[in-house]
Amino acid sequence: MDLQAIDLGVARGGVPVLEGVTFSLGLGRALVLRGPNGAGKTTLLRTMAGLQPPLSGRIEGAEDRIAYAAHADGLKSMLSVTENLSFWADVFAQRDIEPAIKAFDLTGLRTRLAGTLSAGQKRRLGLARLMVTGRPIWVLDEPTVSLDAASVALFADAVRAHLQQGGAALMATHIDLGLNEAEVLDVGKFRAVPRVSAQDEAFL
Amino acid sequence: MDLQAIDLGVARGGVPVLEGVTFSLGLGRALVLRGPNGAGKTTLLRTMAGLQPPLSGRIEGAEDRIAYAAHADGLKSMLSVTENLSFWADVFAQRDIEPAIKAFDLTGLRTRLAGTLSAGQKRRLGLARLMVTGRPIWVLDEPTVSLDAASVALFADAVRAHLQQGGAALMATHIDLGLNEAEVLDVGKFRAVPRVSAQDEAFL
Amino acid sequence: MSIWEYANPVKFIRTTDRLLPWFSWAALSCLATGLIWGFFFTPDDFRQGSTVKIIYLHVPAALMAINAWLMMLVASLIWIVRRHHVSALAARAAAPVGAVMTVIALATGAIWGQPMWGTWWAWDPRLTSFLILFLFYLGYIALWSAIEDDDTAADLTSILCLVGSVFALLSRYAVLFWNQGLHQEATFSADKEQNIADVFWYPAVISMVGFALLFIALVFLRTQTEIRARRARALMARERTL
Amino acid sequence: MLPDLGKYAGYVLSAYAVSLTLIILLVLFSVMRARRVRRELEDIEARQGRSTKEASDG
Amino acid sequence: MIALLKRDLMLAIRAGGGFGLGLAFFLIVTVLVPFGVGPETALLAKIAPGILWIGALLACLLSLDRILALDWEDGSLDLLATAPLPMEGIVTIKALAHWITTGLPLVFAAPALGVLLSMPVDAYLWVVVSLALGTPALSVIGTFGAALTVGIKRGGLLMSLLVLPLYVPTLIFGAEVARRGAEGLAVQTPLLMLAGISAGVVALLPFASAAVLRINLR
Amino acid sequence: MIALLKRDLMLAIRAGGGFGLGLAFFLIVTVLVPFGVGPETALLAKIAPGILWIGALLACLLSLDRILALDWEDGSLDLLATAPLPMEGIVTIKALAHWITTGLPLVFAAPALGVLLSMPVDAYLWVVVSLALGTPALSVIGTFGAALTVGIKRGGLLMSLLVLPLYVPTLIFGAEVARRGAEGLAVQTPLLMLAGISAGVVALLPFASAAVLRINLR
Ligand code: HEM
Ligand SMILES: Nc1ncnc2c1ncn2[C@@H]1O[C@H](COP(=O)(O)OP(=O)(O)OP(=O)(O)O)[C@@H](O)[C@H]1O
Ligand SMILES: Nc1ncnc2c1ncn2[C@@H]1O[C@H](COP(=O)(O)OP(=O)(O)OP(=O)(O)O)[C@@H](O)[C@H]1O
Ligand SMILES: [Mg+2]
Ligand SMILES: [Mg+2]
């Protein structure tokens, strides 16, 4: 089933940010969200991931199929790279963390505590987590922050492999990911008309 | 006076990361550090900023002339944009925060609490802080993370203006900043010969 | 040749490897002699009955508890001033030994207190100071184990040890002021030697020497262990970087 | 075999028991950890083909 | 779920994970009381059961901000929320891990600390029993407080404020059991009440905590 | 320096900044004590000065992790360290801000809480005086503890463990002043000692705190 946003409105801090967002993401495809800073990409992705309720409209095909990666990586600095990954694999009832470790070139860092990694290495570990979720739809918020060119390529390969296995990916980013097959959606055009926050409307 | 690194060795977590780093950064010039994830850029910049002692070699011309911007922005989420800026201006005994606000297009966000900004807006505020330090040498760690193209251009303009006023800038980044006049230094070639941490040497 | 030579970890391991058996056997024999003599072959005190036999454990443990802290203080100073790794690790190695000595002194004291004072615990100044000393040990050990980086941990704990020592002294005066106590005066001081009968004195001294030797042997062994652990970590790190 | 400890026997014996147990535990833990760490170190050294002695001579 | 429990326990015993710190705090609070109120044995013996209960409560309280705030800060909580675990399960496991690492050790340590306060002999049993029954409630209620304040940076003090009033019934009945036990009176009523509170709280509060946590994650 | 003080005070009074929380915690601890030890007026009156001191100390303790940890987490501490302020100045200002937002309100609140514990009339003056003299020491010692544990995530409990033994002399002399005052005895000696400790600590400890902080920032 496709992941669909139908006439979706999202708000942050009570202020409507985007309105009328409509798209559909089929399996095997990738969609890149673009838009200037503060456009509402993060807000939209959090809504898609089910972390906040939409203001209006609805989302379909998201139930229990989404693996979300946020600005923060959710790593435990006192656990090693493998321990961090195995934990998430356990949570998602998966077994094998080896492919993830290979795909993001973490082999040499296996026993290192996550807290001692460099910014880019942390990010790689955060992305490797996606591969142990077993979920078909990846929802990624600026996945390549702090990554060097080689790691961005690793990431693009991983996404491509995921798409080939029938997965899908929804990403927000400002830079070029090297994923030419991805469609692009500019969220700028969905900007909500400036008005008071949704919760304040009752008082007008 | 130039900012000079002379045969500098830096370590993180006690492990030598870079060795023999030598460069000199004259006023009016910009130097971009490049290197893959985990190469040691952050470590080098922290050392230059005086936050950690060098392992070997020395740094000249850094004393009280450096404004440092790290991965984290050091914003107080419960203070507004102007309050955050004024605080740093006060600390560095400067007065005027208007040019900084203009340069990073924060005018519309003035009274917003820093905690409610989007990732890119936060970053813009973090960079605006540099302009109220009055320090001639900017040391920046991945300054354009999360910034959209327009903001990257704003940043490049700000750096250019700073250079024209006789400032200097030392930056680590993975992406293109649009600063063509900047020299590039690949830290990869200074990689420390693999050996144990400096503090552990006594134990071998 | 200067004494600082032994601050070299490898040298330290080699030297102590040679010394360790001697100290261990000496400690064992002194402890055995002192305690067996004290337990089996001394008469009961006319006032305290057989409880006086507790003295052979209580006093040495109490003395070692204090001396261990002093040793840690000295080692911390050496680390701060001269940055010899062995001294930092020795301080780290001594802390749990000192803590156990403190617990022994507290436990034997409490067991002694029940028949003598009719209570397991009283807020007597000396007892209280010991409890505070125990808290300092706990904090010191907790801080060591909470910090990942070895040298940072050494730096922080040695400063804590210095500041803590000053506050421990202050606490001692505060506690003395706060409550006047029940506890025995120091009867084992050199000038009052005759205060205590020779029958009790000899085994007590032997036992004290035994505790001191045991402390030294344990600190040697544990320091070696810390050094080896550091070395293992260093080699592993090198292996990874290669 | 035991000397006559009178009415205080329980106290004296428990004092000795507690102290000796604590000391033995302390020694045991120290020795066990020493052994373990030593073995680990020797493993690593064997793997890397160096020993403490060589290192110190070198 | 098991994975989460395992991870939380592992993190607790890792360096800086705080296992045993609750215990140490309990010890220290108990030691401070005589410095404050003076060293008279009779006085101390009288207030001992109450002080032990208050000390245990404070030790729980101080460790609450590790339950959820750490996971919130590094983003794991967002990720856990999108994982195939029910939110109720997450908060229950978190409370359980907190009890194992904090509440349970307190129960075992209480008798030793009773000695320091010259607690009457009859009190020991009841202090231990009341703590064993009461600390699970403290952990579960504490998790609720942690869920309420999870979005607030360093909200430790605010959380204490919210949680302390909720602790009052548990404290009253727990301390009452201990105090009556010390004086040799019948403890049945407060004991039943305490058990009832614990059971009720463990059964029902996780739903509230989960709801609150969902709101905070929005 | 003034700017830093101003910012810290401003942050404290902003929503969620924790101003007044110390006070509220103080209130709640004082209120819990009767629940724990039972409602007898005579008993409460006797322990009142001590409880007030312990309550004040715990309220200070619980707010310590806001002194430096927040600034560490969001990166401001790194930036402050590269700013033209001496590290000793930074820690002193931080301790001062903590005292103004936590210690000082406690001094003013103590009499009101004394009423709750039926404290004897003579004690009020001395409780206030001893708290006024002692709380600065608590803030400065606390800042040392905060600096020691600044790199440790949610190190609140570890910090308590390190700080509480250091609080002992202050607590003993402070509570002694209050207790003697309550009984109408001479308070001169402990009062002098308390003042001496405060003065010494304020003069010397910031150097240790600054050293420790520098090590932690490395
Ligand atoms: C938990 C409680 C106790 C602690 C922490 C404690 C602590 C100490 C310390 C630190 C010392 C050595 C001080 C010195 O020699 O200057 C000592 C010595 C001594 N203690 Fe205790 N004590 C405790 C209970 C008792 C009890 C109940 C008794 C017996 C009634 C007792 C009898 C002695 C004696 C006879 C000495 C030797 C004094 C001397 O000659 O120096 N202690 N104790
Ligand atoms: N509490 C609030 N009140 C008003 N506006 C808010 C609040 N919180 C967030 N906003 C605004 O909502 C908008 C959406 O933010 P969001 O984080 O979704 O943007 P984004 O597209 O992810 O930006 P970036 O590319 O910078 O990450 C921003 O303009 C932000 O300033
Ligand atoms: N405690 C530690 N022990 C061993 N190695 C460490 C430790 N801490 C950091 N490192 C390593 O030091 C190296 C330098 O890290 P640094 O953060 O300086 O890299 P960087 O160039 O900034 O990378 P990025 O581009 O990803 O930000 C990394 O390889 C990192 O894994
Ligand atoms: Mg965003
Ligand atoms: Mg970096």
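Since the structure is predicted, the reported quantities are computational estimates derived from the model, not experimental observations. As a basis for the values below, the full set of heavy atoms in this structure was taken, side chains included, without hydrogen atoms, waters or symmetry mates. Lettering of chains follows the sequences in order, A, B, ..., and the numbering in each one begins at 1.
Contacts between R214(F) and chain C at a heavy-atom distance below 4.5 Å are absent for every atom of the residue. Residue L204(F): no heavy atom, backbone or side chain, is found under 4.5 Å from chain C. Using a 4.5 Å cut-off between heavy atoms, V163(F) does not touch chain C at all. In this structure, chain C has no heavy atom under 4.5 Å from any part of Y167(F).
In terms of heavy atoms, S171(C) sits closest to P165(F) at OG-O, 4.4 Å. For I172(F) against A174(C), the heavy-atom pair with the smallest separation is CG2-O, 3.6 Å.
Within the 4.5 Å cutoff, the side chain of F177(C) has heavy atoms near those of the E176(F) side chain.
When each of A208(F), G151(F), P190(F), A211(F) is scored by its heavy-atom pairs under 4.5 Å with chain C, the top score falls to P190(F). Top candidate by heavy-atom pairs under 4.5 Å with chain C, chosen from I141(F), I197(F), L148(F), is L148(F). Looking only at heavy-atom pairs under 4.5 Å with chain F, the residue among L170(C), L156(C), I159(C), L135(C) that has the most is L156(C). Ranking L166(F), T189(F), L161(F), L162(F) against chain C, the residue ahead of the rest is L166(F), based on heavy-atom pairs under 4.5 Å.
D149(C) and R218(F) are not joined by a salt bridge, as no carboxylate oxygen comes within less than 4.0 angstrom of a charged side-chain nitrogen.
Taking CG of L158(F) as the reference point, atom CG of L143(C) lies at 6.0 Å (rounded to 0.5 Å). Here the straight-line distance linking atom CG of L164(F) with atom CD1 of I132(C) works out to 11.5 Å at 0.5 Å rounding.
The side-chain contact (heavy atoms from CB on, under 4.5 Å) search around V150(F) returns L68(F), W72(F), L77(F), L213(F), N216(F), not counting sequence neighbours.
Along residues 160-167 of chain C, the residues that come nearer than 4.5 angstrom to chain F, judged on non-hydrogen atoms, are L160(C), V163(C), G164(C), F167(C) in order of number.
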